[in-house]
Colleague: 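First, the structure itself, so that you have it in front of you.
Basis for what follows: all heavy atoms, side chains included, without hydrogens, waters or symmetry-related copies. Owing to the predicted nature of the structure, the values given are computational and were not obtained by experimental measurement. Atoms within a ligand are numbered from 1 in the order they appear, just like the ligands themselves.
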Amino acid sequence: MTEIILALDVMKKDKAVSIVQKAAPYIDKVKIGYPLVLAEGLGIAEILSEYKKPLIADFKVADIPNTTRLIAEEVFSRGFSAIICHGFVGHDSVRACVETAHENMGECYVVTEMSHPGAVDFFHGGVAERIAELVCEAGADGIIAPATRPERTAVLRSLIGNKKILSPGVGAQGGDPDAIAGIVDGIIVGRAIYESSDPAAAARQYSCFRTGI
Ligand code: 3DU
C-alpha cells in the first residue's frame, strides 16, 4: 500500500480546514510546511488534528544540531507525528533530528534528492547516494525522494532497504504516480488536490495507489 500524503500549501486557515475536510476520506497524512505555518502559525496543527490524520512538519530543517533539536522539540510539542530535515547538513545535525523525533515517539524523514529541475545541480554526482548512506547510519525512518525521477528513486531504494520513501512531485510537477507508486511508501500531492475545484474528487483519483488495485 502506498499512502497518499496531502501537501497543504495553502495560505489561509479556513481553506486549509476545508481542503482537509473534503479530502480526508482519500488521504492518509497531511504535510504542512512554511507557507501555511508562516501565514497562520504553528497552532494550525492543533486545528487540523481534529481530522485525525498524522501531521508531517516539512520544515526541511538544515541547521546546526542544537538549533535542529530546538525546532524539532517545538514541532513535536505541537502534535506533529513526523519531521523532515535536509541530509546535506551532515551526520550530527541529522542525528539530532532523528534523536529528537524518536524521543518524542515521532519519525524523521531526510531529504535525499529533490524533485525540481534544479535539484540535479547538487544532488547528482554521488551526493544523494551519500545522504542515503547517512540516513541508514543515523537511524532515520526514511527519505524524501523524487517522483519526477523514478529511476533515481529506485537507486536510492536499493541503498536504504526497507526504510520508508515519501515522494513529492506527482501532479503539478509532472511526476507519474503509476511510475513511482510501486517503489515508494507514500506519494506527496499538493496542488493537484488543493487547487482543484473538487479536492475530494482529485484526492480520490489517487485512491487506487492506497489499495494497490
Ligand atoms: O508540487 P506539489 O504542489 O504537489 O507539492 C509538493 C510538495 O512537496 C510541496 O509542499 C513541496 O514543498 C514538497 N517537496 C517537493 O515538492 C520536492 C521535494 O524534493 C521536497 C518537498
Side-chain angles (χ1 to χ4, degrees), residues 2-12 15-16 19-20 23 26-40 42 44-45 48 53-62 75 80 82-89 94 97 107-124 127-129 131-132 135 140-157 160 164-181 183-197 199 202-206 209:
T2 308
E3 292 185 329
I4 304 302
I5 301 162
L6 171 63
L8 196 57
D9 296 326
V10 296
M11 308 303 284
K12 294 279 179 216
K15 176 143 195 207
I19 302 276
V20 172
Y26 313 109
I27 61 172
D28 300 286
K29 293 179 179 161
V30 177
K31 182 180 82 66
I32 299 169
Y34 292 111
L36 183 56
V37 168
L38 289 176
E40 293 287 6
L42 207 45
I44 190 73
L48 294 176
K53 302 291 176 186
L55 298 176
I56 301 173
D58 183 5
F59 294 135
K60 295 187 184 66
V61 186
V75 158
F80 285 88
I83 189 167
I84 296 173
C85 69
H86 263 299
F88 67 78
V89 284
V94 171
C97 204
E107 291 184 312
C108 174
Y109 291 88
V110 181
V111 177
T112 302
E113 176 169 326
M114 297 188 74
S115 58
H116 59 304
V120 304
D121 293 348
F122 291 103
F123 284 105
H124 283 194
V127 172
E129 286 83 349
I131 295 173
V135 164
D141 299 278
I143 66 170
I144 308 295
T148 47
R149 289 184 214 94
E151 72 289 355
R152 290 288 303 151
T153 297
V155 169
L156 297 171
R157 163 61 77 204
I160 62 158
K164 292 184 207 164
I165 302 182
L166 308 185
S167 194
V170 166
Q173 296 181 53
D176 173 8
D178 284 309
I180 196 75
I183 48 177
V184 302
D185 303 274
I187 296 172
I188 297 171
V189 189
R191 286 163 287 179
I193 295 175
Y194 69 73
E195 285 184 350
S196 168
S197 57
R204 195 171 50 230
Q205 286 186 343
Y206 296 100
F209 300 107

Colleague: Considering only heavy atoms of R191, which atoms of ligand 1 have at least one such atom less than 4.0 Å away?
Modeller: 1 (O), 2 (P), 3 (O), 4 (O)

Colleague: Ignoring hydrogens, what is the shortest heavy-atom contact between T112 and A132? Give both atom names and the distance.
Modeller: CG2-N, 3.9 Å

Colleague: Between L6 and I19, which heavy-atom pair has the shortest distance, and what is it?
Modeller: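 Where L6 meets I19 most closely, the heavy atoms are CD2-CG2, 3.9 Å.
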
Colleague: Report, in ascending order of atom number, the atoms of ligand 1 lying under 4.0 Å from any heavy atom of P168.
Modeller: 8 (O), 14 (N), 15 (C), 16 (O), 17 (C), 18 (C), 19 (O), 20 (C), 21 (C)

Colleague: Return the orientation label for the Y34 and F59 ring planes: parallel under 30°, perpendicular over 60°, tilted otherwise.
Modeller: tilted

Colleague: So R157 and I160, side-chain contact (heavy atoms from CB on, under 4.5 Å) or not? Walk me through it.
Modeller: CA-CA 5 Å; R157 163 61 77 204; I160 62 158; 4.0 Å; yes

Colleague: Would you indicate whether F122, at its atom CZ, is surrounded by more than 12 heavy atoms from other residues, nucleotides or ligands within a distance under 6.0 Å?
Modeller: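 12 or below, so no.
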
Colleague: Just how far is it from atom CG of L38 to atom CE of M11, taken to the nearest 0.5 Å?
Modeller: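 Between L38 CG and M11 CE, I get 7.0 Å after rounding to 0.5 Å.
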
Colleague: Check whether any heavy atom of K31 sits under 4.0 Å from an atom of ligand 1.
Modeller: yes

Colleague: What atoms of ligand 1 come closer than 4.0 angstrom to any heavy atom of A7?
Modeller: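 Once the distances to A7 are compared, the set is 7 (C), 10 (O).
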
Colleague: From the options A192, G190, S115, P35, select the one whose nearest heavy atom is closest to atom 5 (O) of ligand 1.
Modeller: G190

Colleague: What atoms in ligand 1 come closer than 4.0 Å to a heavy atom of K60?
Modeller: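 Counting atoms of ligand 1 from 1, those under 4.0 Å from K60 are 12 (O), 14 (N), 20 (C), 21 (C).
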
Colleague: Can you list the steps and then say if T148 with Q173 is a side chain to side chain donor-acceptor pair (under 3.5 Å)?
Modeller: CA-CA 7 Å; T148 47; Q173 296 181 53; 5.4 Å; no

Colleague: Using a strict cut-off of 4.0 Å, indicate which atoms of ligand 1 neighbour a heavy atom of V170.
Modeller: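 Under 4.0 Å from V170, ligand 1 has these atoms: 4 (O).
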
Colleague: Suppose we measure from atom 19 (O) of ligand 1 to each protein heavy atom; which comes out shortest, and what is that distance?
Modeller: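 Here the closest protein heavy atom is M114 CA, 3.0 Å.
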
Colleague: Which atoms from ligand 1 have a heavy atom of D9 less than 4.0 Å away?
Modeller: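 Selected atoms, number and element: 9 (C), 10 (O).
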
Colleague: Between Q173 and ligand 1, does any nitrogen or oxygen pair lie at a separation below 3.5 Å?
Modeller: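 So ligand 1 has an N or O lying under 3.5 Å from an N or O of Q173.
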
